[in-house]
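First the structure, in the form of structure tokens, and then the observations on it.
FYI, side chains are in, hydrogens and waters are out, and symmetry mates aren't considered; it's all heavy atoms of this structure. Positions are given from 1, in the same order as the sequence printed here.
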Amino acid sequence: MKVMIAGGFGTGKTTMVRSVSDIKPLTTEETLTQASADVDHLIGVADKTQTTVSLDFGKIGINESLVLYLFGTPGQERFWFLWNGLFKGALGAVVLVDTRRLESSFRAIEEMERLEVPFVVALNVFPDSRNYPVEEIRDALDIPEHTPVVAFDARDRASSRDVLVALIHHLKERSAVALEPR
């Protein structure tokens with residue numbers, strides 16, 4: 001099952017793929033340089049030194065019959081043209097959100113809706129993040145009630161796995177609703 005890990009610049013996509021993958025993940029990270037200072041705005045992520053320029057790839061076995069192939073997207077706007085190709089064949093997505101910079105995830109949420117990809121919103125808890133009630137975040141991001149919103153720590157394997165399990169449950173619920181007689 002192909003699952004996308006999406007979100008804005010510096011929301012923790014590569015970190016999540018690294019923490020949860022059963023294999024050594026493929027990453028396409030490059031060092032941020034002064035040449036990109038006018039393009040890659042580091043407001044809120046000043047300590048960031050590397051960035052994904054194409055994709056991240058990992059995989060995790062959920063059980064004996066279910067393997068998730070994880071594709072992490074690049075977060076900078078200049079690489080968003082890659083998203084159309086990356087999302088082909090994806091059954092669902094996780095959209096990472098940094099609550100310190102909600103605006104960094106608006107575009108990712110819009111893309112999920114445009115591409116009609118079912119998704120869950122994962123609030124990556126950074127050490128200096130404020131703890132907002134989920135309903136406040138849902139309202140601020142204009143997330144529909146049926147879309148799960150969960151808090152997690154992208155550095156933690158179990159926490160990242162739990163987000164993927166939430167996505168699987170969401171996909172199962174959506175397919176059960178679609179199969180209901182009308």
Side-chain angles (χ1 to χ4, degrees), residues 1-21 43-45 48 52 55-56 58-60 62-63 66 68-77 80 83 86-87 89-180:
M1 186 168 133
K2 183 177 182 180
V3 171
M4 302 307 298
I5 310 297
F9 179 58
T11 56
K13 299 173 297 294
T14 300
T15 301
M16 180 182 182
V17 172
R18 280 186 177 142
S19 76
V20 77
S21 182
I43 297 167
V45 288
K48 189 165 179 59
T52 300
L55 64 93
D56 298 317
K59 74 176 193 173
I60 179 174
I62 299 297
N63 59 37
L66 180 60
L68 304 183
Y69 294 96
L70 309 173
F71 290 80
T73 64
Q76 302 102 304
E77 188 171 344
W80 286 346
W83 284 30
L86 287 174
F87 274 84
L91 292 181
V94 174
V95 175
L96 272 64
V97 172
D98 177 349
T99 59
R100 303 168 303 175
R101 304 174 301 115
L102 288 180
E103 70 283 353
S104 69
S105 296
F106 291 159
R107 174 72 190 273
I109 292 167
E110 289 170 2
E111 284 299 297
M112 297 310 108
E113 292 168 347
R114 182 183 73 79
L115 295 168
E116 299 180 349
V117 175
F119 66 98
V120 298
V121 172
L123 309 175
N124 192 3
V125 180
F126 287 87
D128 60 340
S129 296
R130 282 188 46 206
N131 188 15
Y132 294 97
V134 167
E135 287 313 310
E136 268 186 52
I137 299 294
R138 183 181 297 285
D139 289 344
L141 294 172
D142 195 25
I143 303 294
E145 259 320 298
H146 67 272
T147 301
V149 178
V150 295
F152 87 117
D153 182 340
R155 301 167 297 177
D156 182 74
R157 178 177 172 82
S159 188
S160 294
R161 183 206 56 228
D162 291 347
V163 170
L164 296 169
V165 169
L167 174 64
I168 292 165
H169 287 298
H170 179 57
L171 294 171
K172 285 177 70 175
E173 287 170 10
R174 285 178 50 99
S175 42
V177 167
L179 294 174
E180 287 178 1

Checklist entry - Hey, are the side chains of Met4 and Val117 touching, using non-hydrogen atoms and a 4.5 Å cut-off? => result no
Next on the checklist: Show the nearest heavy-atom pair for residues Arg155 and Pro127, with the distance to one decimal.
Outcome noted: NH1-CG, 4.2 Å
Checklist entry - Hey, what do you get for CG (Asp128) to OG1 (Thr99), rounding to the nearest 0.5 Å? => result 8.5 Å
Next on the checklist: Looking at every heavy atom in both Ala122 and Val163, which two are closest together, and how far apart are they?
Outcome noted: CB-CG1, 3.9 Å
Next on the checklist: Quick check for you: to the nearest 0.5 Å, what is the distance between Arg174 atom CZ and His146 atom NE2?
Outcome noted: 6.0 Å
Next on the checklist: Could you report the tightest heavy-atom contact between Ala154 and Ser160, atom names first, then the distance?
Outcome noted: O-OG, 3.4 Å
Item to check | Test side-chain contact (heavy atoms from CB on, under 4.5 Å) applied to Phe126 and Asp98, step by step | outcome: CA-CA 8 Å; Phe126 287 87; Asp98 177 349; 3.6 Å; yes
Checklist outcome for this item: For Arg114, the salt bridge (Lys or Arg N to Asp or Glu O under 4.0 Å) test, sequence neighbours excluded, returns Glu111
Checklist entry - For the atom pair CE (Met112) and CD1 (Ile109), what is the distance rounded to the nearest 0.5 Å? => result 9.0 Å
Checklist entry - Applying the side chain to side chain contact (heavy atoms under 4.5 Å, CB included) test to Leu68, which of Leu91, Leu164, Val20 qualifies? => result Leu164
Item to check | Check: Leu96 main-chain N/O paired with Ser105 side-chain donor or acceptor under 3.5 Å | outcome: yes
Next on the checklist: Between Arg101 and Gly10 (side chain of the first, backbone of the second, donor and acceptor by atom type, cut-off under 3.5 Å), is there such a pair?
Outcome noted: yes
Next on the checklist: Nearest 0.5 Å, please: how far is CG in Leu141 from CD in Glu103?
Outcome noted: 10.0 Å
Next on the checklist: Using a 3.5 Å distance criterion without hydrogens, assess whether the side chain of Thr147 forms a donor-acceptor pair with backbone atoms of Val120.
Outcome noted: no
Item to check | Under 3.5 Å donor-acceptor, Asn124 side chain and Thr11 backbone | outcome: yes
Item to check | Approximate separation, where rounding is to 0.5 Å, of Leu115 CG and Glu113 CD | outcome: 10.5 Å
Item to check | Heavy-atom pair with the smallest gap, counting every atom of Phe152 and Ser159 | outcome: CB-OG, 3.1 Å
Next on the checklist: Treating Ser104 as the side-chain partner and Gly8 as the backbone partner, does any N or O pair qualify as donor plus acceptor under 3.5 Å?
Outcome noted: no
Next on the checklist: So Leu123 and Ile137, do their side chains get closer than 4.5 Å, heavy atoms only?
Outcome noted: yes
Next on the checklist: I'd like to know if the side chain of Ser19 reaches the main chain of Met16, judged simply by a donor and an acceptor atom lying under 3.5 Å from each other, with no hydrogens or angles considered.
Outcome noted: yes
Checklist entry - Which salt bridge (Lys or Arg N to Asp or Glu O under 4.0 Å) pairs, counting each pair once, include a residue from residues 139-149, with sequence neighbours left out? => result Arg138-Glu145
Item to check | NZ/Lys59: more than 12 non-hydrogen atoms of other groups inside 6.0 Å | outcome: no
Item to check | Flag side-chain contact, heavy atom, 4.5 Å: Val3 against Phe71 | outcome: no
Checklist entry - Does any non-hydrogen side-chain atom of Met1 lie less than 4.5 Å from one of Leu171? => result yes
Checklist entry - Do Lys13 and Asp56 meet the salt-bridge criterion of a basic N to acidic O distance under 4.0 Å? => result no
Item to check | Considering all heavy atoms, the nearest Leu167-Pro118 contact | outcome: CD1-O, 4.2 Å
Item to check | Heavy-atom side-chain contact between His170 and Phe119 under 4.5 Å | outcome: no
